Protein chains: 2
Amino acid sequence: MTTTPAPGSPAWWTRRTTPAPAPRRGRGRPSLDTDQMVATALRLIDEHGVQTFSLRTLADALGSSTATLYRHFANKDEILALTVDLALGEAHTTPSGGPAEWRDVLSTMGHQLRAVLARHPSLLPTLMDHVPVGPNALAQRERVLAALLHHGLPPALAARAFTAVGHYVIGFAVQQREFDGPPLADYYGRLDPATHPAIAATAESLTAIGPDDEFAFGLGLLLDGLAQQIDR
Amino acid sequence: MTTTPAPGSPAWWTRRTTPAPAPRRGRGRPSLDTDQMVATALRLIDEHGVQTFSLRTLADALGSSTATLYRHFANKDEILALTVDLALGEAHTTPSGGPAEWRDVLSTMGHQLRAVLARHPSLLPTLMDHVPVGPNALAQRERVLAALLHHGLPPALAARAFTAVGHYVIGFAVQQREFDGPPLADYYGRLDPATHPAIAATAESLTAIGPDDEFAFGLGLLLDGLAQQIDR
DNA sequence: ACCTGAACACCGTTCAAGT
DNA sequence: ACCTGAACACCGTTCAAGT
């Protein structure tokens, strides 16, 4: 019995249990271990985008070979998942000041997660196609859920609120991301008003508000709905 | 001046303006045209997943060659975008019964979009990494926004509500999708309650409710928040 | 004028052969 | 015991050569 079995392919995020003895080379210090490899991968993805990130480039940056990577990780997906989890570790998902209300807990979580995505925009695609269940992701889920339960939220509501806020932040980041060109609102605004009158009419008001305000607006909307659900 | 310039790479979704004369071979009927190619691509993706979809397999299915595909499309991304737009065309985003309330408009949109994703789950990754701006996506945005404006929603609110519902549905689909293995709730439930007490406590209540109810719950939550925003 | 085989420069992954 | 060059079976994309 190794570690907890993960959903989907066999333990897809878990660090591969080292094949034989531990792969440390120096004396006490790990020299070049798995953590440093993941950190290097995150740096490469931040600097050059996930599109150009390959096992070749990672091996080169480490002064190693692609075959060696497979002694530390099961496959490329696992490396990407660990990379996401490393970045998630930067978030402080509970408010620093003492005992907050449940609303503050979720608001802080939303803003912190958004900050992580702002620092590592290239991680967005990877974050989207798997629910992160790495150690840092789990620790944060635990911390936030514990805080919500502590403030009296029913368990079912707490779990769904956590998910809802997570989805909102990711969804917002996707929308916000401007491709290589002009923002989406400009594109909508340039459509023919004759064929798309409603899109044109709403496009203007989209640009009037800054992204920070829009983020806060939508998050507040979600929390308002939650509050109503509780008082019911 | 061709068509409206799209965001990002030059007109990434628009059908490539045919190079020379129109590429129709028969007499009046298009025989094997771009639309059929996209339809075949969608079928292949539905049947075998987006992971195994390659230009080679598409060319084979069409009895053609990969090089020929580039006479109809700019690149693979464009094919995927058109595939998504074709699927989005299946949605009927306005309620069939006469003049509904704004709440019904958004609710219908949410359920319709969810139905499309249920029919074409393999499209989820593609839907996630670009905001769809194909002809069908635009037509639906137009229809829904027009209905919302007609029912008195302020333009800024209408635009954000549309986005919020879209994000919610996509986010829900991501969460709902079970990988190859057991659902996520099972995974959470199997974690050590000693180290993750809150996750364990909330995992139980997650499985108690069916996916349809959970979807409706979250959507209602969002709409409640919106309603409060309007009455303010 | 249209189509395509074959090439190009890559991938992720594996394994026999090195030390 | 550990590492890796080189291969394998693919990619998306291009273009010279066919008809």
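Treat the numbers as computed from the prediction; the structure is a model and nothing was measured. Chain naming here is simple, since letters A, B, ... match the order of the sequence lines and numbering starts at 1 in each.
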Inset, instruction - Give none if C:dT19 has no partner; otherwise give the nucleotide forming a Watson-Crick or G-U wobble pair with it, both distances under 3.5 Å. - result: D:dA1
Legend entry - Gap between atoms CG and C1', on A:Leu69 and D:dT4 respectively (whole Å): 11 Å
Inset, instruction - Write down the distance between CD1 (A:Ile79) and C1' (C:dC11), rounded to a whole number of angstrom. - result: 14 Å
Inset, instruction - Please check if the side chain of B:Asp85 supplies one atom and the backbone of B:Leu88 the other of a donor-acceptor pair under 3.5 Å. - result: no
Legend entry - Gap between atoms OH and C1', on B:Tyr70 and D:dT14 respectively (whole Å): 9 Å
Legend entry - Whole-Å distance separating the CG atom of B:Asn75 from the P atom of C:dC10: 18 Å
Inset, instruction - Mind calculating the distance between CZ (B:Arg56) and C1' (C:dA7) to the nearest angstrom? - result: 10 Å
Legend entry - Between C1' of D:dT4 and CG of A:Leu62, the distance in whole Å: 14 Å
Legend entry - Selected nucleotide, minimal atom distance to B:Ala67 side chain, candidates D:dT14, D:dT13, C:dT14: D:dT14
Inset, instruction - Grab the CG-P distance between A:Asp60 and D:dG5 for me, whole Å please. - result: 10 Å
Inset, instruction - Establish, with yes or no, whether the OP1 or OP2 oxygen of D:dG5 is under 4.0 angstrom from a side-chain nitrogen or oxygen of A:Ser65. - result: no
Inset, instruction - Please determine if a side-chain N or O atom of B:Thr66 lies less than 4.0 Å away from the OP1 or OP2 oxygen of C:dT4. - result: no
Legend entry - Pairwise side-chain contact, A:Met37 with A:Leu58, heavy-atom cut-off 4.5 Å (strictly under): no
Inset, instruction - Using both distances under 3.5 Å as the test, list the Watson-Crick or G-U wobble partner of C:dA7, or none. - result: D:dT13
Inset, instruction - Check the distance between D:dT4's C1' and A:His72's NE2 and give it to me in whole angstrom. - result: 13 Å
Inset, instruction - Would you indicate whether the side-chain heavy atoms of A:Thr83 and A:Thr126 approach each other to under 4.5 Å? - result: no
Legend entry - Sugar-phosphate, base or nothing in reach of A:Thr68, heavy atoms under 4.0 Å: base
Inset, instruction - Would you confirm whether B:Gln140, through its side chain, and B:His92, through its main-chain N or O, come within 3.5 Å as a donor-acceptor pair? - result: no
Legend entry - A:Arg71 side chain near D:dC3 phosphate (N/O to OP1/OP2, under 4.0 Å): yes
Legend entry - Cation-pi, A:Phe172 ring and A:Arg114 (6.0 angstrom, 45 degrees): no
